[in-house]
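Start at 1 and go down the list; that is how both ligands and their atoms are numbered. These numbers come from a predicted model, not from an experiment. Positions are given from 1, in the same order as the sequence printed here.
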Amino acid sequence: MSELQNLPSLDVLLQQKQTAELINHYGREITVKALRFSLDSFRDAIKNGAPSPSHDSILTQAEQQLNTWLRPSLVPVINASGVILHTNLGRAPLSEETIVAMQTVSSSYSTLEYDLPAGKRGKRSTHAEGLLKLLTGVESALVVNNNAAAVLLVLSALANRKRALIANSQLVEIGGGFRVPDVMRQSGAKLVAVGTTNRVHLSDYQTALKEPAALVLTAHHSNFKIIGFTAEPELADLAMLCHKAGLPLVYDLGSGALLDTASFGLAHEPTVQEALEAGADIICFSGDKLLGGPQAGIIIGKKDLMDKVKAHPLARAVRADKLCLAGIAATLTHYLKGEALEKIPAWRMISRDVEAIRNQAESWKETLKAGEVIPGSSMVGGGSLPGESQPTFLFALNVKSPDRFLEKLRGLPVPVIARIEDDRVVFDPRTVLPFQESILLEELNSLL
Ligand SMILES: *Cc1c(COP(=O)(O)O)cnc(C)c1O
């Protein structure tokens, strides 16, 4: 009992010089909370037989607690994993122009919903819509919070309480809880699955269309591949069938490539332009996958359908914010100016010359006087191009315990995400952003 009585009161702790410093740094309220927290934990310890602590230990523990509470958990990392659109690491890194546009619009008032010439209320949708029309030639466009929201909104606006057809082979789960059948149900659409898991024919759609339906949805497989005895109709044939029946074809395109991945030693990822040419009436895709911009969902298509989408109450609930709109507009501008490959980090990584990567890995080896350079492969990731990789060169380290080393890398001031291959820790220069290279080398130097 006397040990408990030795524990100082909060008032005594508040008179300590160290406490004044904590209050100065963190503010009074949270510091008091931390002192109470620290006192409580020592009180529990004493009840379990521990001796009473010094004032210093109590204050040190309070400071550690303040640090734990207030240190941001969303912090930059160095991606040396070789996965370009790493979903867990935030997908697409942004171009400089995109960052500046987002910063500019967030540091002052803006024309978000203001028509300057008219001096009255404007529409937030205008900021990206003009660029999307110019880029793709569509009649209408809308930017929302993400592609999951885009698909949910389109189905809610066009297929609520009506039949919506989709191929059995496309009832996919994308990850992070996005399952096409669940999203369809959530929208109120009556899901009609046609064909079989591996083979779906035009005639399957025809049969299902003997009863009235609101639309046909087609979803990009994104993160998996069906191989072997498989069939799905050509998009253009499906579009023709839909139009004959007087229905729209809605395409959940997923990654939204505007450039051809096949030019860079990868498989061909369907592009937005191809989907339009084939006759899709509405197309949904992400802003932060192969488009290479901030998180967003982009919906483009025919005006009469898009008007219904824009007027649906959910459109307000999933609308894009000003940072997103500024960022998407800046990223789209790169495509319009023909500078996407140089300016958009994801495309700069995809289009990088493999010899340049080898030289970079060699220079790391020289600087660090350690490791070796070995051939390997990088991946695009972000639910695109499953099983596809690009040749690269890796900087490889032989260490005693690769798992332990990865853990040390994650504990660095700027955490480094690497991977293990054949018992070696490997770093892919392809996905290391240029401004982080010197940090990476300094940190590795400190570890070796
Ligand atoms: C990634 C993906 C989604 C989800 O997009 P988010 O922008 O992550 O919400 C939906 N459909 C397909 C086909 C996808 O590949």
Which atoms of ligand 1 sit under 4.0 Å from any heavy atom of K289? 1 (C), 2 (C), 3 (C), 14 (C), 15 (O)
Please identify which atoms of ligand 1 are closer than 4.0 Å to at least one heavy atom of H220. 13 (C)
Does a side-chain N-to-carboxylate-O contact under 4.0 Å join E96 and K343? no
Contacting atoms of ligand 1, where contact means under 4.0 angstrom from a heavy atom of G254: 12 (C), 13 (C), 14 (C), 15 (O)
Is the closest basic N to carboxylate O distance between R410 and E443 below 4.0 Å? no
Ion pair present between E139 and K302, side-chain N to carboxylate O less than 4.0 angstrom? no
R121 to Y114 six-membered ring, cation-pi geometry met (6.0 Å, 45°): no
How far is atom 7 (O) of ligand 1 from the closest protein heavy atom, and which atom is that? S286 OG, 2.7 Å
Atom 9 (O) of ligand 1: closest protein heavy atom, distance to 0.1 Å, is A148 N, 2.9 Å
Name the closest protein heavy atom to atom 8 (O) of ligand 1, giving the residue it belongs to and the distance to 0.1 Å. R91 NH2, 2.8 Å
Which residues pass the ring-ring contact (aromatic ring centres under 6.0 Å, His included) test with F37, not counting sequence neighbours? W69
Out of curiosity, is D252 lining ligand 1, as in a heavy atom under 4.0 Å away? yes
Does the side chain of T392 come under 3.5 Å of the side chain of D428 through a donor N or O and an acceptor N or O? yes
Tell me the protein heavy atom at minimum distance from atom 10 (C) of ligand 1, and give that distance in Å. N147 ND2, 3.2 Å
Quick one about H243 and D281 (side-chain donor to acceptor, distance below 3.5 Å, no hydrogens or angles considered), yes or no? yes
Which protein non-hydrogen atom lies closest to atom 13 (C) of ligand 1, naming both residue and atom, and how far is it? S222 OG, 3.2 Å
